[in-house]
Amino acid sequence: MQTVFETFLERISESIDEVDFRDALADAAKHLGLPTFAYLVVPAKSAEKPRLISNYPLGWTSYYLRHRYDEIDPVIQRARCGGCPFQWRHGCCGGNATQAQQRMLNEAAEFGIASGLTIPIHDLRGGFAALTFAADEPNPAFLRAAEKYELALQLMATCFHVEVRRTTVDDQSIDGIRLTPREYECLQWAVAGKSTYDIATILGIRRRTVAFHLDNAKEKLGVRTINQAVARFSASRRIARR
C-alpha cells in the first residue's frame, strides 16, 4: 500500500491534464482491486457544467453529463450531506427514489455500475466533489478492498481533488489568448486524446461544430494543426503551475 500511495502522489503532482490524472488514479485503484472509478466535481450553480474524470464507459459518462444526472443522482445527493465514505448498491434508495432517479440507476446498471464506494469531498473553498469506485455487483473481493483501504482511499481522494483543482485552472486563456468557453472545452478534450467524434458525443453537439471551434482555437493560437494547439495548451499549463 505504501508503494502504491507514494507512486500515486508522485504521478498526480506531475500531472498536467485530465488524462494524466485519470491514468494515475486508474493505476493506483487497479493495484488495490478497484479498477473502475469516477471523480465528479459538482458546480455551485446549476447553470455551470460539472467536471468528470473517469474510466467509466464513455457511452455512460457522456450520457450522464448530457442529461445533467448530477442534479438528481441519489448517490451524489447523499454525498452532499456528509463527509464520511459510504457504500451503496443498485436499489439502495428503495421506495424513496423518484421515477427519474430509479431510471438513472437502472441505466447505470446496464453499463456495469451497480454498486460502489463513494467518498464525499468538501474543501475549504466551499467546493464539493465525490470520488466513486464502482463495480457491476457487490462481490466479496470488491467489498473487502473497499473496507480494507477506505481510510487510504479517503486520503487519496483529497489529494487528487487538491491537485486537480490546482492544475486545471478555470482561466480560459492560453498564453494570454482568450478562447470562448466552447473553444476551450473542445481543446481540453483534444488534449485528453479525444477525437472530434468523441468530443461531439461528450458535449452533445455535431462533429462539424467541434471542428469549427477547434479551427477557431487554432487560428487564435496561430497554429496550423490540432497537435500544435494541444502542445501549446499543455505547455501553458506547465508554466501556470510554476
Side chains of Ile202 and Lys194, heavy atoms from C-beta outward: is any pair under 4.5 Å?
yes

Phe212 and Val210: same hydrophobic cluster, using ILVMFWY side-chain contacts below 4.5 Å?
no

When you check the side-chain N and O atoms of Tyr64 and Glu107, is any donor under 3.5 Å from an acceptor?
no

Distance-minimising heavy-atom pair for Asn55 and Ala26
ND2-CB, 4.0 Å

Residue pair Ile113, Leu105: steps toward the side-chain contact (heavy atoms from CB on, under 4.5 Å) verdict
CA-CA 8 Å; Ile113 305 165; Leu105 293 172; over 6 Å; no

With rounding to the nearest 0.5 Å, note down the distance linking CZ in Arg80 to NE2 in His122.
8.5 Å

Are Ser115 and Trp88 linked by a side-chain donor-acceptor pair shorter than 3.5 Å?
no

Less than 3.5 Å apart, any donor N or O on the side chain of Ser195 or Asp198 sitting next to an acceptor on the other?
yes

Ion pair present between Glu137 and Arg89, side-chain N to carboxylate O less than 4.0 angstrom?
no

Hey, could you give me the CD1/CD distance between Ile177 and Glu219, rounded to the nearest 0.5 Å?
11.5 Å

CD (Gln228) with more than 12 external heavy atoms under 6.0 Å
yes

Between the side chains of Asp73 and Gln77, is a donor N or O closer than 3.5 angstrom to an acceptor N or O?
no

Parallel, tilted or perpendicular, judged at 30° and 60°: which one describes the rings of Phe111 and Trp60?
tilted

Nearest 0.5 Å please: distance from the CZ atom of Arg22 over to the CD1 atom of Ile53.
9.5 Å

Tyr39 ring center near Phe160 ring center (under 6.0 Å)
yes

Just so I know, are the side chains of Met1 and Leu32 near enough to count as touching, which here means a heavy-atom distance under 4.5 Å?
yes

Between Pro50 and Asp70, what is the shortest heavy-atom contact and its length?
CG-OD1, 3.7 Å

Rounded to the nearest 0.5 angstrom, the CD1-CG distance for Ile119 and Leu153 is 5.0 Å

Can you give me the closest heavy-atom contact between Pro138 and Leu143, atom names plus distance?
O-CD1, 3.5 Å

In terms of hydrophobic clustering (I, L, V, M, F, W, Y; side-chain heavy atoms under 4.5 Å; direct or indirect links), are Phe37 and Val162 co-clustered?
no

Would you say the rings of Phe133 and Phe142 are close, in the sense that their centroids are separated by under 6.0 Å?
no

Leu155 with Val164, same ILVMFWY side-chain cluster at under 4.5 Å
yes

With side-chain contact (heavy atoms from CB on, under 4.5 Å) as the criterion, how do Phe86 and Leu117 come out once you've worked through the C-alpha distance, each side chain's angles and the decisive distance to 0.1 Å?
CA-CA 6 Å; Phe86 60 90; Leu117 169 70; 5.9 Å; no

Donor-acceptor pair, distance only, cut-off 3.5 Å: does the side chain of Ser54 make one with the backbone of Tyr56?
yes

Can you check whether Leu25 reaches Ile12 side chain to side chain, under 4.5 Å on heavy atoms?
no

Ile121 versus Ala157, closest heavy-atom pair with distance:
CD1-O, 3.6 Å

For the residue pair Arg51 and Val42, establish whether any side-chain heavy-atom pair is separated by less than 4.5 Å.
no

Gly204 versus Arg66, closest heavy-atom pair with distance
CA-CD, 3.9 Å

Mind checking whether Val191 and Val19 sit in one hydrophobic cluster, side chains of I, L, V, M, F, W, Y counted as touching below 4.5 Å?
no

Arg232 (side chain) donor-acceptor with Leu221 (main chain) under 3.5 angstrom:
yes

Heavy-atom count around Phe128 CZ within 6.0 Å, excluding the residue itself: above 12?
yes

With clusters defined by side-chain heavy atoms of hydrophobic residues (ILVMFWY) lying less than 4.5 Å apart, directly or transitively, does Tyr197 cluster with Leu214?
no

Pair Glu71 + Arg68: basic N to acidic O under 4.0 Å:
yes

Here the pair of heavy atoms bringing Thr225 nearest to Lys218 is C-CD, 3.4 Å

Quick check for you: to the nearest 0.5 Å, what is the distance between Gln102 atom CD and Ile72 atom CD1?
11.0 Å

Side-chain contact, heavy-atom cut-off 4.5 Å: Leu52 with Glu18?
no

side-chain contact (heavy atoms from CB on, under 4.5 Å) for Thr132 and Thr36? Distances and angles first, verdict last.
CA-CA 8 Å; Thr132 294; Thr36 309; over 6 Å; no

Are any side-chain N or O atoms of Ser62 and backbone N or O atoms of Leu58, one a donor and one an acceptor, separated by less than 3.5 Å?
yes

Member of Asp23, Asp27, Asp20 meeting the side chain to side chain donor-acceptor pair (under 3.5 Å) criterion with Arg11:
Asp27

Given side chains that start at C-beta, do those of Ile205 and Arg182 come closer than 4.5 Å, heavy atoms only?
yes

Taking Ile199's backbone N and O only, do any of them form a donor-acceptor pair with Arg207's side chain (distance below 3.5 Å, no angle check)?
no

Any sub-3.5 Å donor-acceptor pair from Gln154's side-chain atoms to Leu151's backbone N or O?
no

Between atom NE2 of His213 and atom CG of Leu203, what is the distance when rounded to the nearest 0.5 Å?
9.0 Å

So, Gln2 and Glu6: side-chain donor and acceptor under 3.5 Å apart, yes or no?
yes

Is any side-chain heavy atom of Leu179 closer than 4.5 Å to one of Asn216?
no

